[in-house]
Amino acid sequence: MTTTSATSSNSLSSLLNTLTANSTGSGSSSSTSSSSSTGSGGSGTLSASGIGSGLDVNSIVTALVNARKAASQNQIDTRTKQTNNLLTGLSSLNSALGGIQSALASLSSVNTFNSYAGTLTPASGSSSIGTASTLSSAHPGTYTIAVSQLATVQKRTSDPVASGTAVGQGTLSITVGSSTMNVAVSATNTLADIASSINSSSSNPGVTATIVNGVNGQQLVLSSSKTGVANGFSISADATSSSGLQALATKLNTAGSNEAQDAKLTIDGIDVTSASNSVSGKMDGVTLNLTGTGTNTLAVTQDNTAATNAIQGLVDAYNSYVSTVSPLASYDKSTGAAGVLLGDSTLTSVQRGIGSVLSGAVKGNSIGTLANLGITRNADGTLALDTTKLASAFQSNAAAVKDLFTGTNGYGTKLNSTINAYTASNGIIPSRMDSLNNTLTQLSQQQTALNARMATYQKQLQSQYTALDTLMSSLNNTSSYLTTALDQLTNSGSKN
């Protein structure tokens, strides 16, 4: 009996030890925490992660979550990258087209093809009368300008008085045109006080007061702020003013050698006057800035500098567009790398539309084509401008050059219309970019939803594997207890 019992006990102990060893082996690499139980029958040490089963719960849960998330995450990442690349490419294309439109705006500016230069040349025996500036409303031609008188300001000077001497009380009235300023003068006010009151008054009609300390004493100098007879001033003192203040007013109101006068000149023999030495409105689009008297010849000629610069600007903008589009539509056979807009329908349509405009001719225009104007295409697709040929075209027929770009059928007009279909606020490119941004928003929402699902899934797995870990730990403890008990029973039976 004893022998049979011992044999059975040893068999059960061996089975439990085997189960324990297998359970322990699955979690032997965990380093979170551990517990051990060693039976007298030679059973292995049990180590566990967390509770004590030996399962690495966190690693298992993470691996399972990553495995389930991988396909959806890869899809979101791929679509996000593709969408961002398209957005970047379309944004670059839109900017390049915007550069062309900015250059076209300069070409269509009213002053670009209507710029003129005005040159004054002194006649024999005369001196320069000043300079001339022009507007787009000027007309080419040659004119004789004879200036006999410049516009001047009015100046009046008081009698000298000792520095610091009071003038006398009362009220001074200074009038320019229909505006009058009243200056209250106290019994202790000096010329300097009066000058200060005039200059600081908010109702000053256009007079400047200055104190000059001469050898005979202080003197008040009044000057009108603007040239011309209409800007001259008059001064008076009211009846209640002291004799000293009335005398000052009478002196300053007396005409002298520096009176206001208008500029006097003739333009091709026609008499002209001007309150200012900047004579404008007397000739279409021409302003004469007079500095002296004499007779000069005014030559008004068309200035093509602005137009030449604008045409060069268009060429530069187009070349910038080409340099932007080239990598967007590129393909490298050796590496297989492709531009983000390779084969894109919008880019293809833009290139076709612009190419069609520039390769065509302007009907009814004597120049006809860009090549005839001096704009040719290089091997790399960029444009080049022959400024010498352009200058010759301007000299031959400036109106035709203007019409070639800004006319109803001009390159600038057609090109701007073509590009605007893509770049306008409701155009093709902004609409596509809006759609792509909406896609990114949706992808972001998908990412948020995926993260939420995976967080829930992770919690479920964490709960399940934690329960399994607890159960396995309990089984390990039971196994250890039974092994020890059986060993003790076996040892007891052997002794008997």
Side-chain angles (χ1 to χ4, degrees), residues 129-131 147-265 272-282 287-293:
I129 62 172
T131 60
V147 180
S148 58
Q149 176 178 290
L150 293 177
T152 59
V153 299
Q154 178 177 304
K155 285 191 177 184
R156 302 278 175 81
T157 305
S158 71
D159 290 328
V161 298
S163 177
T165 300
V167 178
Q169 64 182 9
T171 301
L172 281 178
S173 296
I174 303 175
T175 300
V176 176
S178 60
S179 300
T180 298
M181 168 178 60
N182 294 317
V183 180
V185 182
S186 70
T188 59
N189 281 162
T190 64
L191 288 179
D193 295 327
I194 295 173
S196 178
S197 295
I198 292 172
N199 292 331
S200 62
S201 175
S202 59
S203 59
N204 190 314
V207 176
T208 301
T210 303
I211 295 296
V212 176
N213 294 300
V215 295
N216 297 318
Q218 260 185 4
Q219 290 179 266
L220 174 63
V221 179
L222 291 184
S223 303
S224 53
S225 302
K226 296 180 180 179
T227 59
V229 174
N231 295 309
F233 57 84
S234 62
I235 298 179
S236 63
D238 68 358
T240 64
S241 298
S242 66
S243 58
L245 190 60
Q246 289 184 352
L248 175 64
T250 299
K251 177 63 177 178
L252 293 175
N253 201 46
T254 302
S257 58
N258 295 309
E259 293 304 297
Q261 62 183 24
D262 294 336
K264 293 182 179 181
L265 63 154
V272 172
T273 60
S274 171
S276 170
N277 287 316
S278 179
V279 183
S280 60
K282 308 302 180 181
T287 296
L288 299 171
N289 303 299
L290 304 180
T291 58
T293 59

Hey, mind stepping through Val207 and Ile235 against side-chain contact (heavy atoms from CB on, under 4.5 Å) and telling me if it holds? CA-CA 11 Å; Val207 176; Ile235 298 179; over 6 Å; no
Drop me the distance from Glu259's CD to Arg156's CZ, to the nearest 0.5 angstrom. 4.0 Å
How many angstroms lie between CD in Gln219 and CG in Asp159, if you round to the nearest 0.5 Å? 7.5 Å
Nearest-0.5 Å distance, OG1 of residue Thr287 to NZ of residue Lys282: 11.5 Å
Find the distance between OG (Ser276) and CG (Asn289) and round it off to the nearest 0.5 Å. 8.5 Å
If you compare all heavy atoms of Gln154 against all heavy atoms of Phe233, which two are closest, and at what distance to 0.1 Å? NE2-O, 2.8 Å
Are the side chain of Asn277 and the backbone N or O of Ala151 linked by a donor-acceptor pair below 3.5 Å? yes
Are Val167 and Thr190 close enough, and set up right, to give a side-chain contact (heavy atoms from CB on, under 4.5 Å), and what steps lead you there? CA-CA 6 Å; Val167 178; Thr190 64; 5.7 Å; no
Knowing that exactly one of Leu252, Leu248, Asn182 qualifies, which makes a side chain to side chain contact (heavy atoms under 4.5 Å, CB included) with Leu172? Leu248
For the student: nearest non-hydrogen atoms of Ala263 and Leu290, plus distance: CB-CD1, 4.3 Å
From CG (Leu150) to OG1 (Thr291), nearest 0.5 Å: 7.5 Å
Residues Ser173 and Thr180: closest non-hydrogen pair is CB-CG2, 4.2 Å
For the pair Ser196 (side chain) and Ala192 (backbone), establish whether a donor and an acceptor sit closer than 3.5 Å, ignoring hydrogens and angles. no
dist Gln169:CD -> Ser242:OG (nearest 0.5 Å) comes out at 6.5 Å
Give the minimum heavy-atom separation between Thr208 and Ser225, together with the two atoms involved. OG1-OG, 3.8 Å
Could you tell me whether the side chain of Ser241 and the main chain of Gly170 form a donor-acceptor pair under 3.5 Å? no
Shortest non-hydrogen contact from Ala184 to Asn189? O-OD1, 4.1 Å
Show the numbers, then the answer: is there a side-chain contact (heavy atoms from CB on, under 4.5 Å) between Leu222 and Ile198? CA-CA 10 Å; Leu222 291 184; Ile198 292 172; 3.9 Å; yes
Are the side chain of Thr250 and the backbone N or O of Gln246 linked by a donor-acceptor pair below 3.5 Å? yes
Test side-chain contact (heavy atoms from CB on, under 4.5 Å) on Gln218 and Asn213; report intermediate values, then the result. CA-CA 5 Å; Gln218 260 185 4; Asn213 294 300; 2.9 Å; yes
Please find the pair of heavy atoms, one from Lys251 and one from Ser158, that lie closest to each other, and give the distance. CG-CA, 3.8 Å
